[in-house]
Amino acid sequence: MKNKRAIAWLVLLALVPSAAAQEWRLVWSDEFNADGRPDSAVWNYEHGFVRNHEAQWYQPENAFQEGGCLIIEARRDHRPNPTFRSGARHWGQQREWIDYTSACVTTRGKVEFLYGRLEVRARIPIAGGSWPAIWTLGNSMPWPSCGEIDVMEFYRVHGVPHILANVAWGDDQSHHAVWNSKRVPYAHFTERMADWEQHFHVWRMDWDETAIRLYLDDELLNEQPLSATVNGAVGRYANPFRQPHYILLNLALGGDNGGTIDDTAFPMRYEIDYVRVYAKQNF
């Protein structure tokens, strides 16, 4: 088996486009067909309370393969927070208890790609407080100068469910992002399919040297020209979308954007059928 770094570079090199590119060809995928834990040659796990004041404690046990899908399962829990410190500054260390668990898996340092098509087929939970996401981050510089592409987020905006497609990069302030955020009310999709949440859907990113385009079931939700995505001084005026990115899949709860958590909806399941990366086919 190729080592982890070789896998990353194989995908990177395969995704550099040429002028003769015409069609897409699959260069990497995970179909999640084996039961048990995700492939350790591909996936890493986040641990603990990580970002956005979210309610869940991330742990590997909540991510597993079953029935041809990767399942990220959010669960209710109640146990002491091992990182709790009285008087701590970090919000995660201020919490005495873990009340929810979930998982975030990433391909950082294992599968990273520059340009191409990312396609994820998934079924997402929509209960109160759920915040599932498909996203990418650049592999250099702190956030947001590394660049962030949110192929999918779901959460409530002023209490109203929305699906979001976003692109973010850095400005002249540390930890402050410039956002191109498209929020589409969930009702836009249920008007055409009343039981939308019961079905799998395909989220897609088409990324080339000129633009990022984000789709849901072939409907274009957002588009960002790369001519405008230049970092400010903190990011050394670099363009974070001209470097390799890695993939993150997670199910968050509550926090800054998730809203009020519905405690009757557990366990919540985020089901990912596949993750695929394509490059342009040369002729």
Side-chain angles (χ1 to χ4, degrees), residues 5 8-9 11-18 21 44 46 50-54 89-92 104-120 131 133-153 155 157 162-184 203-215 220-250 252 255-257 275 277-280:
R5 185 59 60 183
W9 281 107
V11 175
L12 169 60
L13 292 173
L15 289 176
V16 177
S18 75
N44 310 298
E46 292 192 334
V50 178
R51 64 180 70 84
N52 299 324
H53 305 98
E54 294 159 2
R89 287 189 173 186
H90 186 270
W91 60 272
C104 176
V105 297
T106 89
T107 66
R108 185 173 187 174
K110 296 179 178 180
V111 176
E112 302 173 350
F113 65 101
L114 174 63
Y115 308 135
R117 169 174 286 180
L118 171 65
E119 190 173 274
V120 179
W131 186 355
I134 302 163
W135 49 308
T136 75
L137 290 172
N139 63 5
S140 67
M141 291 190 286
W143 186 90
S145 295
C146 62
E148 175 177 334
I149 305 168
D150 298 324
V151 182
M152 180 275 290
E153 290 187 286
Y155 57 76
V157 180
H162 283 70
I163 289 176
L164 297 90
N166 316 311
V167 181
W169 58 98
D171 63 10
D172 291 330
Q173 303 177 54
S174 295
H175 310 298
H176 187 267
V178 179
W179 287 96
N180 171 6
S181 181
K182 181 64 178 294
R183 302 174 174 181
V184 183
W203 281 269
R204 189 176 93 230
M205 171 178 67
D206 288 351
W207 173 27
D208 61 26
E209 294 173 306
T210 65
I212 296 165
R213 299 173 180 87
L214 303 175
Y215 299 82
L220 179 64
L221 300 186
N222 201 355
E223 181 173 1
Q224 176 59 57
L226 297 196
S227 58
T229 59
V230 178
N231 285 327
V234 174
R236 303 193 295 273
Y237 305 104
N239 194 318
F241 305 111
R242 302 193 190 280
Q243 63 165 331
H245 275 226
Y246 62 93
I247 302 163
L248 303 93
L249 305 170
N250 69 289
D256 295 344
N257 291 324
V275 179
V277 176
Y278 298 83
K280 288 285 189 175

Looking at Arg117 and Asp206, is there a salt bridge between them, counting it only when a charged N and a carboxylate O are closer than 4.0 Å?
yes
query: Does Arg213 pair with Glu223 as a salt bridge, N-O distance under 4.0 Å?
result: yes
Only residue of Trp207, Phe113, Trp135 satisfying ring-ring contact (aromatic ring centres under 6.0 Å, His included) with His245 is Trp207
For this session: I would like to know whether Glu148 and Trp143 meet side-chain hydrogen bond (donor to acceptor under 3.5 Å, both in side chains); could you show each step before the answer?
Result: CA-CA 8 Å; Glu148 175 177 334; Trp143 186 90; 2.6 Å; yes
Is the shortest side-chain heavy-atom distance between [X] and [Y] below 4.5 Å?
X: Glu119; Y: Trp203; result: no
X: Asn250; Y: Val105; result: no
X: Asn180; Y: Asn166; result: no

Under 3.5 Å, which donor-acceptor pairs do the side chains of residues 235-244 form with other protein atoms, sequence neighbours left out?
| unit_1 | atom_1 | unit_2 | atom_2 | d |
| --- | --- | --- | --- | --- |
| Asn239 | OD1 | Thr229 | OG1 | 3.0 |
| Asn239 | OD1 | Phe241 | N | 3.0 |
| Asn239 | ND2 | Leu226 | O | 2.9 |
| Asn239 | ND2 | Thr229 | OG1 | 3.2 |
| Arg242 | NH1 | Glu209 | O | 2.8 |
| Arg242 | NH2 | Glu209 | O | 3.4 |
| Gln243 | OE1 | Ser140 | N | 3.4 |
| Gln243 | OE1 | Ser140 | OG | 2.7 |
| Gln243 | NE2 | Cys146 | O | 2.8 |
| Gln243 | NE2 | Pro240 | O | 3.2 |

Taken in chain and number order and not counting sequence neighbours, the residues that satisfy salt bridge (charged side-chain N to carboxylate O under 4.0 Å, His left out) with Glu153 are none
Closest non-hydrogen contact found for Leu164 with Tyr155 is CD2-OH, 3.3 Å
What one should report as the nearest heavy-atom pair of Tyr246 and Gly138 is CE2-O, 3.7 Å
**Asked** Between the main-chain N or O of Arg108 and the side-chain N or O of Asn44, is there a donor-acceptor pair closer than 3.5 Å?
**Response** yes
**Asked** Does one side chain, of Trp131 or Glu54, offer a donor that lies under 3.5 Å from an acceptor on the other?
**Response** no
